[in-house]
2 protein chains.
Amino acid sequence: MVTIKQVAARAGVSFKTVSRVVNNDPSVKSVNREKVLNAIKELNYRPNRAASLTRRKKTNIYAIIADELLNVPYTFDIIRGAQEVAWKKNKELLILNINETKASIDRAIVSLLENRVEGVIYSAMCHRAVQLPDELKKIPTILANCFPINGDFPCVVPDEVQAGEEITTALINKGYRRIAFLNLNEDIIAAKGRKQGVINAFTRHGLPLSNLLIESVIIKQDDGIERSISRESAAKIIDSFKPDAIICGQDPMAMEIYFVAHEKNMVIGDDIGIASFDNWGSIPELLQPNLTTMALPHLQMGRWAMEYLIDLRVDLVHQHLPFKLIKRDSF
Amino acid sequence: MVTIKQVAARAGVSFKTVSRVVNNDPSVKSVNREKVLNAIKELNYRPNRAASLTRRKKTNIYAIIADELLNVPYTFDIIRGAQEVAWKKNKELLILNINETKASIDRAIVSLLENRVEGVIYSAMCHRAVQLPDELKKIPTILANCFPINGDFPCVVPDEVQAGEEITTALINKGYRRIAFLNLNEDIIAAKGRKQGVINAFTRHGLPLSNLLIESVIIKQDDGIERSISRESAAKIIDSFKPDAIICGQDPMAMEIYFVAHEKNMVIGDDIGIASFDNWGSIPELLQPNLTTMALPHLQMGRWAMEYLIDLRVDLVHQHLPFKLIKRDSF
DNA sequence: CTGTTAGCGCCTTCAC
DNA sequence: GTGAAGGCGCTAACAG
């Protein structure tokens, strides 16, 4: 491997000058800069990151821990958002993919510590509470799409309530007045918040709550496994409650509704409106125009979390898609 | 940051002994090892990876470049597979997420070179030909889920032909005898191979090719944008060709078929069999039992590629899901 | 603007 | 088994 000294010899300058050129120090005469640049190209020199890191105090390395527990397509956007900002700010971003096991997260933390990482985003693939090892407190850390069980880390999470309000308002604005909301399991954060949001929208628009039916169609069986009863429920609800629109907890559920509507010879968007949270991209193109979706702001969460770490900015612009930024000065 | 010397002072040994303990050198008296271990714990010492890397010749760092061009759920499995093996072999794995831009890949390569990465997996999100910069030839590289346009890198790709044979054979074994295959755009690798495989299976089972209809239902419009005409095509084909089973190029297509079948009051699995490549997980649970799917071996590709890099093993066991390993001794 | 000197924290070599 | 000396490739501090 060619070193800075070899380049210096070739260019006929001291190795410090080479170092300056490599690090874009403006205080190098352009003649010398040229010479060095040529030598670098001729020798095909590449700075040794490890060596440079030993001497520098700032590593400029950040990391995102991705807890892949649930592994739905769009969640990769958190990483993408973080990466985008890191790139722009010239920071290195380590992606650490873990799973639910303790060994896995422990190993990730070892990596963080040994690499002298300067900031960490801990991101979960579904909005939930997490309990993180205390060791993470040694490094500036922000959670994305999850929040700390003890409130001991700052976090950025989607504002499910606002999402619920927005999707409902969209339907109301389209003229729908009697809405059924097939919610996810109401134990989970997203389901609780959205339910509240849907109710809020009804109240705000002066619609009677008797025109609103909310039912959880993901049920936990005795064996602990979750099962979707969306199809059966939808069929029943359409007959009994007679909604003019249905909100689904997630895309696959919307697919089921399409089926049920078909079976009942209802025309989507005409006889019945359909809206859905969590656009998984699983809805065939053909049906998309008839669907009101609310995608979660994963990209923004990633960006935001990264900007928070790098600049400690907590004054960020509110984006179109709803968010909640819970700030805690833990460092 | 606490250093090896501080640990040594605390433990009452030379810093070299500490180094030995940290690196699991067996030639340390267990009394001393204990002392060192305690000191490490008390001071909460963490080896500095960068510093250790400067002196060591082997970095043990590998990287996977993920070309996220197409961003379908299961492709992350390539990374997961690579990571699994890297973990097992105690290697660090850098995940470099790029997009189609040259700037992006160039930046990734700079990162590879500066980090003195010892091996690279270049993975594409859909099976295709890629042209990689020559600079990658300086590092042992293997492609996963894509192959080099000039044959200048080794690669591991799914065996689409075999996949076609297996899925068709599965249908034939279930008793279906007249099959329509709604293929992806036949310009793409996967579509070509699978078509051949489907034909092979027919031939092998002595079925007349007149009982097989293959049609591409993803068409490229004049404006270059691809459009799926699977639904219309399926409707027509069911009426005219009267297949007893349909093979779909991918899950979303299978969803369309479910619809069409519904509209025609056909019972899935009874009046008509459905099979699909590329299990995206977009098929609602309820319908899964009626679907014969063939998932692509992304996990295995990731594992295999990594093992190839680390051990140069090309003699790996053939797994259930079909593969093709194209080996080229480029390093 | 440039070069010298002195490290960074660790590992290698080799003598004890 | 252990430790001292030396060096990895680079940057900080400072002198010129």
Side-chain angles (χ1 to χ4, degrees), chain A residues 1-40 43-61 90 92 110-118, chain B residues 1-40 43-61 90 92 110-118:
Chain A
M1 270 291 137
V2 19
T3 77
I4 213 172
K5 285 185 185 166
Q6 297 172 39
V7 176
R10 177 82 165 219
V13 295
S14 84
F15 67 84
K16 179 65 226 193
T17 302
V18 177
S19 169
R20 289 199 175 96
V21 171
V22 169
N23 292 290
N24 292 315
D25 185 326
S27 73
V28 177
K29 252 198 302 188
S30 57
V31 200
N32 282 336
R33 161 162 285 117
E34 278 311 312
K35 281 198 285 188
V36 169
L37 253 19
N38 283 336
I40 285 178
L43 298 177
N44 200 12
Y45 164 77
R46 296 283 168 176
N48 181 326
R49 226 182 116 61
S52 129
L53 249 36
T54 36
R55 204 62 184 85
R56 229 193 277 275
K57 20 45 228 310
K58 273 179 74 77
T59 61
N60 270 341
I61 303 179
N90 248 302
E92 201 94 346
V110 165
S111 190
L112 297 177
L113 263 14
E114 296 195 353
N115 283 297
R116 305 295 191 255
V117 160
E118 289 173 0
Chain B
M1 269 293 136
V2 20
T3 76
I4 212 171
K5 285 185 188 165
Q6 299 172 38
V7 176
R10 177 84 166 216
V13 296
S14 84
F15 68 85
K16 179 63 233 191
T17 302
V18 177
S19 169
R20 288 200 175 95
V21 172
V22 168
N23 293 290
N24 293 316
D25 185 327
S27 73
V28 177
K29 253 198 301 189
S30 56
V31 201
N32 283 336
R33 161 163 284 118
E34 278 309 314
K35 282 198 282 185
V36 169
L37 253 19
N38 283 335
I40 286 179
L43 299 177
N44 200 12
Y45 164 77
R46 296 284 168 174
N48 181 327
R49 223 183 120 61
S52 118
L53 249 37
T54 38
R55 209 62 184 86
R56 230 193 274 274
K57 16 57 229 304
K58 272 179 74 78
T59 60
N60 271 341
I61 303 179
N90 247 302
E92 200 93 346
V110 165
S111 190
L112 298 177
L113 263 13
E114 297 194 353
N115 282 297
R116 306 293 192 257
V117 159
E118 289 174 0

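Quick note on labels: first sequence line is chain A, next is B, and so on, each numbered from 1.
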Side chain to side chain contact (heavy atoms under 4.5 Å, CB included) involving [X] - partner list, sequence neighbours excluded:
X: A:A11; answer: A:V13, A:K35, A:V36, A:A39
X: B:S27; answer: B:R20, B:D25
X: B:K57; answer: none

Response to the item:
Those residues at least two apart in sequence (or on a different chain) that pass side-chain hydrogen bond (donor to acceptor under 3.5 Å, both in side chains) with A:R116 are none
Worksheet item: Between atom CG in B:D25 and atom P in C:dC10, what is the gap in whole Å?
Response: 16 Å
Discussion item. Can you measure B:L43 atom CG to C:dG9 atom P for me and round it to whole angstrom units?
Written reply: 14 Å
Worksheet, complete the sentence: Contacts satisfying salt bridge (charged side-chain N to carboxylate O under 4.0 Å, His left out) that involve residues 1-17 of chain A (not counting sequence neighbours) are A:R10-A:E42
Discussion item. What does the B/S/- profile of nucleotides 6-16 of chain D look like, 5' to 3', with a 4.0 Å heavy-atom cutoff to protein?
Written reply: BBBBBBBBB--
Worksheet entry | Distance below 4.0 Å between A:T17 side-chain N/O and C:dG3 OP1 or OP2 | yes
